[in-house]
Amino acid sequence: MLWNLSLRHLVSSAACLSLMPLALHGGEQPFSMQGWVPPAPAQWTALAPRLAAAYEQAKKQFPGKRLDGGAIPAPKFSVDRTNGRLYVLSGMVWVSTDCGQTYEVIDKEALVWGFNESTTAIFAHPDGSKVRVFSSNQSGYTLDSGATWKHLKFNIPYGFEDGQINWDGDGKLIVGRHHCSRPAMHISRDGGDSFTKFPDEINQQINTLSIAVMDDDVMLFQGPKLVRTEDSCKTFTEVPQPTRLGADGKPGRFDGMSVRFKNKVYWLHSTGIYTSADKGLTWTVVGKPFPADAEWMTKRLVRSGPVFGKDEKHMLLLCLDRVVETLDGGETWHVLAQLPITLNDMVWAHGFTYDPISDVLFSSNMQHGCGPYLFGRLALNRWGKVEQVPPSAPTDVQSKVVRAGNCAELSWKPSNDASGIYSYYVYVDGDLQYRTEKPEIVLSNYSWDQQLKVGVQAVDAWGNRSAVVEQAVRMGAKPAAATLLSDLKSSIATIDDAPMELVTNTSTVPDKRGAPLMLHVDGYEPNPETRRVHLPVPYGFGVRLKNTQKLGVLEYDIDQKFTRLLLDVGVRSGAWARIEVKILLDGKQVAVTKADNSQRDMGQKADAIDLDLTNVKKLRFEFANLKTPYWQWETAILGNAVVLGPK
């Protein structure tokens, strides 16, 4: 339904059907939106495993050296629109020259850049070659596409989150922002060799996230008021801003970091993209104001941008759950693609950028508590030379029922493709249910003795899909004399000696932010269909853990009443959890399973455990966080378990 709305809005605009010609590469014909349908969320492909593989290779490349941050959590990125090079900040600074398929470390002198939450922490200048990085431990910039780097010198707790460099001046003005503790701005007039903090009374007047640099002296900040300085932030005066109301009926505001392109400053406002011809004293809209009646505007104001594409008339913006685009300098706007997951109203929680050379979108979810962070790529296939040959179909699809009976391991021989296989889609009874990077997956969430029609499809780097290969799968029969472990009354259920919360209906139990809690043993995150919550395993239980937890204990007095335990253990964590689950029988450890969610592959197998309970009096589970990460809000452990008996 959402796509029908978007397409109807698209074709209702006559201007969208007669767009101005673009300067396309290789003498290609001007692109028309007519007949082109925006891609769906399921068409994104995950790049996190590719980046993780590069991180593992870097550890071999730099033996004995500290490498910071891993590869998957919260990557930030930017594209040099002149050549399509993708720059990524994720612990280190990486570059990819093949649309995110492979990565290499670009600054080998600075391998520890630190963690950063700002989507604008790394930025490639639209004019090309210049890239700046603001990060907690390290910040710097390059003027030659990464061949050499200038590293900033600062002694600031937590370092910088983002900022601006006035490359169009003498290159000496740098304004940096940090947000931990008290947000504050710092300024350098010597190319980053020293920084001075804004006076506290000035920091209190400005929003450090929203800034426009006009030249080496003139800057504007959007706070409670729009303020301007002409003396490098020594004094400020209020200036008028656009008076239009936003789609929510509230006064419009400038938001985020402005962008300079072809010696002109563009700044995102809640009512449009604006520019100024008099260094910020007055502002004029670029093209036309955002259409207040557009579905993407009435639902939620735009979040970040603009990102420039082929020229100054081609701009992209990030909204709550989609990317919108103009090809005619802001005269008309249309939906370009839906995001694979929503922003959940977190302004800073999502990044996006665009490669106009190959017509490719990149997107990353950076919100805490979302499991493995998606670093996806979407080939739009509108212009540029892209491969259109589908991969070979998967072969030799095999299924094996997991011992607990209501899960099945599915595997197949890998497909082949010139551009590489990015994902396998797994359909159940005709619906897309799973995505996995490996030629295997655990099908969970089904009943005993349930018959399924499973289809497997390979997807390559450019979104081409193979034929769907189908396989009939029947779940195992319900074991005789089976008792759900979740139905047994526990003698101990504590976390840090406080009562433990057991979750048995995980599809409806909200987390503290009010969103459904998604627990499942297959390891898939996020669901290929946006806003769709994966249902729980019917015969499982969940344990909600806290980041302060020292030890979670779940114990049962079974008093020799059962002969066997069948258990599938999987993990769904809220952040970068490293979880350990121990199983003890009468005080003796008999099994242990660990899961590292920060490096987890989609399609991870659940651990299938089969234990003899003959003559056992006490069955005990111990849950432990092996690491307490920054701002981890919650972790859930899911067991799909039955005990068999009585004797």
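Not measured: the values here are computed from a predicted model. One-based numbering along the sequence shown.
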* Looking at the rings of Phe254 and His269, which for Trp means the six-membered one, are their centres under 6.0 Å apart? -> yes

* **Ser258: side-chain hydrogen bond (donor to acceptor under 3.5 Å, both in side chains) partners, not counting sequence neighbours** => Gln164

* Determine, using ring centers only, whether Phe221 and Phe236 are less than 6.0 Å apart. => yes

* Asked: Between atom CG of Leu361 and atom CZ of Phe352, what is the distance when rounded to the nearest 0.5 Å?
  -> 7.5 Å

* Structure fact -> One should read off an interatomic distance between Thr119 OG1 and Glu161 CD, to the nearest 0.5 angstrom, of 10.0 Å

* Asked: Are the ring centres of Trp94 and Tyr87 closer than 6.0 Å?
  -> no

* To do: Using modelled atom types only, decide if a donor and an acceptor are shared between the side chain of Ser118 and the backbone of Thr120 within a distance under 3.5 Å.
  => yes

* Under the side-chain contact (heavy atoms from CB on, under 4.5 Å) test, which residues partner Pro289, sequence neighbours left out? -> Arg244, Val285

* Partner residues of Pro224 under the side-chain contact (heavy atoms from CB on, under 4.5 Å) criterion, sequence neighbours left out -> none

* State whether the side chain of Arg253 and the backbone N or O of Gly223 hold a donor-acceptor pair below 3.5 Å, judged by distance alone. => yes

* Counterpart residues, salt bridge (Lys or Arg N to Asp or Glu O under 4.0 Å), relative to Lys262 (two or more places apart) -> Glu312

* Asked: Excluding sequence neighbours, so at least two apart, what forms side-chain hydrogen bond (donor to acceptor under 3.5 Å, both in side chains) with Thr97?
  -> none

* **Residues Arg81, Asp355: salt bridge by 4.0 Å N-O rule** => no

* Structure fact -> Partner of Trp113 under side-chain contact (heavy atoms from CB on, under 4.5 Å), picked from Val93, Asn137, Ile122, is Val93

* To do: Taking Thr353 for its side chain and Phe362 for its backbone only, find out whether a donor-acceptor pair lies under 3.5 Å.
  => no

* N/O donor-acceptor pair under 3.5 Å between Asp311 side chain and His314 backbone -> yes

* Any donor-acceptor pair under 3.5 Å linking the side chain of Lys108 with the backbone of Val105? -> yes

* For the ring pair Phe308 and Tyr266, is the centre-to-centre distance below 6.0 Å? -> yes

* **Under 3.5 Å donor-acceptor, Glu325 side chain and Leu336 backbone** => no

* Asked: Within the side chain of Trp267, is there an N or O that forms a donor-acceptor pair under 3.5 Å with the backbone of Gly256?
  -> yes

* Contacts of Thr275 that satisfy side-chain hydrogen bond (donor to acceptor under 3.5 Å, both in side chains) - sequence neighbours left out -> none

* Side-chain heavy atoms of Phe198 within contact of Thr208, under 4.5 Å -> no

* To do: State, with a plain yes or no, whether a side-chain heavy atom of Pro242 is found less than 4.5 Å away from one of Tyr274.
  => yes

* **Lys/Arg N to Asp/Glu carboxylate O, Asp217 vs Arg189, below 4.0 Å** => yes

* To do: Determine, for Asp80 against Arg85, whether the closest basic-nitrogen to carboxylate-oxygen distance falls under 4.0 angstrom.
  => no

* Test salt bridge (Lys or Arg N to Asp or Glu O under 4.0 Å) applied to Lys65 - qualifying residues, sequence neighbours left out -> none

* Partner set under salt bridge (Lys or Arg N to Asp or Glu O under 4.0 Å) for Lys234, not counting sequence neighbours -> none

* To do: Not counting sequence neighbours, which residues clear salt bridge (Lys or Arg N to Asp or Glu O under 4.0 Å) with Arg228? List them please.
  => Glu230

* Contact check, side chains of Asp162 and Met257, non-hydrogen atoms, under 4.5 Å -> yes

* Using side-chain contact (heavy atoms from CB on, under 4.5 Å) as the criterion, list what pairs up with Leu143, not counting sequence neighbours. => Lys130, Tyr141, Trp167

* Asked: How would you list, by chain and number, every residue that makes a side-chain hydrogen bond (donor to acceptor under 3.5 Å, both in side chains) with Asp127, sequence neighbours excluded?
  -> none

* Would you call Asp168 and Arg260 a salt bridge, using N to O less than 4.0 angstrom? -> yes

* Would you say the side-chain atoms of Asp107 pair up with the backbone N or O of Leu111, donor to acceptor, closer than 3.5 Å? -> no

* Structure fact -> Hits for side-chain contact (heavy atoms from CB on, under 4.5 Å) against Thr235, two or more places apart or cross-chain, chain-then-number order -> Asp231

